[in-house]
Undergrad: 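Sharing a structure with you now.
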2 protein chains.
Amino acid sequence: MDNKSTEDYIKSIYRLEQDNGTALTTSLARLLGVGAGSVTDMVKKLSDKRLLHYEPYQGAKLTPDGKRLALKMVRRHRLWEMFLVTFLNYKWDEVHDEAERLEHVTSEGLEQRIDKALGYPKVDPHGDPIPTAEGELIDVSYKSLSDCNVSDEGVIVRVSDDSPEMLQLLTKLGLGLNTKIRISQKVKYDGSVIITMGGREIPLSPVMSKSIFINIPE
Amino acid sequence: MDNKSTEDYIKSIYRLEQDNGTALTTSLARLLGVGAGSVTDMVKKLSDKRLLHYEPYQGAKLTPDGKRLALKMVRRHRLWEMFLVTFLNYKWDEVHDEAERLEHVTSEGLEQRIDKALGYPKVDPHGDPIPTAEGELIDVSYKSLSDCNVSDEGVIVRVSDDSPEMLQLLTKLGLGLNTKIRISQKVKYDGSVIITMGGREIPLSPVMSKSIFINIPE
DNA sequence: TAATAAATTTAGGCTTACCTAAATATAAAT
DNA sequence: ATTTATATTTAGGTAAGCCTAAATTTATTA
Ligand SMILES: [Mn+2]
Ligand SMILES: [Mn+2]
Ligand SMILES: [Mn+2]
Ligand SMILES: [Mn+2]
């Protein structure tokens, strides 16, 4: 009945299920940093608790209860990230690990007070939407730079938050949420994308350009 | 190697050792809400980790390492309490349980930022001193109302924080930190203490008067 | 001092969340 | 259709942190 493990498993399963339709054992093991055998064990337990459906060899899918829990944890994680940035002067590359721990010791009341103190924010410091208290997640599917075409223009509305190093690099380049940029060239040779921002040309690697999302006004 | 248990044991041992010179098994068990046998187990493990000295039947005493850890946890606990009151509008009777959980997921950096955001506070919302980052605890030994004499006068500087109910009652009576009061009568019959505060007379039970501390200017 | 009571430790068990290695199932390649 | 490779599950174990009940030690009282 450990909170932390259950909650982290459910969050990871949620993510994998969103991306791939199902959460396979090995992907989960990699994401959680545990052995495959451990995952099989745990997934069975979570299935007993009716947080997910488990079909041997086919992976896991969350039940409504599981999804509710996942969204609650995502909400707490993102609220904490926002809170740390807003009230404690954290940078956007420093908040993930802290939130990863704080999310598990957050009461209903604490969640509400953080939400209120922040003025009920809609997105976290990386532009990821914050699920509502009722578990609604507004699915904003922005285009990543690698999916854009030359001369597309817009503001950065979201960046992938899985690498602090990448976030630091963006900061160094002067790129952040709300930065206005334009796609000036797509390099076929290596998949790079070259953008212009305030007159400067900035080349971005394929991985980088998959991690940055912009909103293009029609 | 769980953090939470280790840290809560060490904190409790610290408290018992301060009060009684040693932390006996049964007191610890009562304080932590576990069985006596469990305490014996755990105390041996903590002894192996050199956080305390354990003499069978004689109880436990913290080593310097143990004391350092205890003070670190007390510091984090009290900083969190102060933070919740100052930034999230918690009342003084609502912060203890939250802090009890948050203290275990607090990195060095988070501790520092909370400290800074609060302007390096010296005491928590109950008037308890906050140990410094270096582990210094200024020992302020104020007199409890039950130790005062009739016509003693001063301001409330500390209240015991182990009962939310009691804290709520104080609030209802209009008593808080910095409230100026005077001892108007000591009732021998039942051990009550009657105080005056802003003209009003307020009777306080023996337990209550042992829980309120004032500073009497010479 | 001997008997009794209270506190403490020991012994045997349980659950959770891990691990590793062996067995098995599924998918890919010949 | 086999063989081979990969993914997954099973089996057997471990360490924490807890429990209860029995044994033992220490303290109290007669
Ligand atoms: Mn987490
Ligand atoms: Mn984020
Ligand atoms: Mn605690
Ligand atoms: Mn306090």
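Naming: A, B, ... by sequence-line order, numbering from 1 per chain.
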Undergrad: Are side-chain N/O atoms of B/D190 and B/S192 paired as donor and acceptor at under 3.5 Å?
TA: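 Yes - a donor-acceptor pair under 3.5 Å links their side chains.
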Undergrad: Reading DNA chain C from 5' onward, which residue's closest nucleotide shows up sooner: A/Q58 or A/A36?
TA: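 Looking at DNA chain C, the more 5' nearest nucleotide goes with A/A36.
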Undergrad: What's the CG-P distance between B/L51 and D/dA16, to the nearest Å?
TA: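 To the nearest whole Å, that distance equals 13 Å.
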Undergrad: Please work out which residues in residues 16-32 of chain B have a non-hydrogen atom less than 4.0 Å from an atom of DNA chain C and list them by number.
TA: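 Nucleic-acid contacts, sorted: B/L24, B/T25, B/T26.
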Undergrad: Check this one for me: any side-chain N or O of B/K44 less than 4.0 Å away from OP1 or OP2 of C/dT9?
TA: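 Result: no.
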Undergrad: Is the distance between the ring centroids of A/H96 and A/H77 less than 6.0 Å?
TA: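 Yes; A/H77 has its ring centre under 6.0 Å from that of A/H96.
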Undergrad: Please answer whether the main-chain N or O of A/C148 pairs with a side-chain N or O of A/K186 as donor and acceptor at a distance below 3.5 Å.
TA: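 Judged by distance alone, yes, a pair lies under 3.5 Å.
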Undergrad: Tell me: CG of A/N3 to C1' of D/dG17, nearest whole Å?
TA: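 Atom-to-atom, A/N3 to D/dG17, this comes out as 16 Å.
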Undergrad: Measure from the side-chain heavy atoms of A/Y57 and tell me the nearest of D/dT10, C/dA25, D/dT26.
TA: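 Nearest to the side-chain atoms of A/Y57, counting from C-beta on, is C/dA25.
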Undergrad: Please check if the side chain of A/H126 supplies one atom and the backbone of A/W92 the other of a donor-acceptor pair under 3.5 Å.
TA: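 Checking the backbone N and O of A/W92 against the side chain of A/H126, a donor-acceptor pair under 3.5 Å is found.
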Undergrad: To the nearest Å, how far apart are A/D48 CG and C/dT15 C1'?
TA: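 In whole Å, C/dT15 C1' and A/D48 CG are 13 Å from each other.
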Undergrad: Taking atom types as modelled, find out whether B/T22 and B/E17 have a side-chain donor-acceptor pair closer than 3.5 angstrom.
TA: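 On atom types as modelled, these side chains do not qualify, holding no pair under 3.5 Å.
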Undergrad: Strictly below 4.0 Å: does A/T40 bring a side-chain N or O up to OP1 or OP2 of D/dT9?
TA: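 It does, given that an N or O in the side chain of A/T40 lies less than 4.0 Å from OP1 or OP2 of D/dT9.
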Undergrad: If I take atom CE in residue B/M42 and atom P in nucleotide D/dA16, what distance separates them, rounded to the nearest angstrom?
TA: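 Nearest whole value for this atom pair: 9 Å.
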Undergrad: Write down the atom of B/L177, the atom of B/G127, and the distance for their closest heavy-atom approach.
TA: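 The pair with the smallest heavy-atom distance is CD1-N, 3.6 Å.
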Undergrad: Under 4.0 angstrom, heavy atoms only, what part of the nucleic acid is A/G37 near: base, sugar-phosphate, or nothing?
TA: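 Base, at least one base atom sits under 4.0 Å.
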Undergrad: Whether B/Y9 contacts D/dA16 is assessed here as follows: a side-chain N or O lying under 4.0 Å from the phosphate OP1 or OP2. Is that the case?
TA: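 It does not, given that no N or O in the side chain of B/Y9 lies less than 4.0 Å from OP1 or OP2 of D/dA16.
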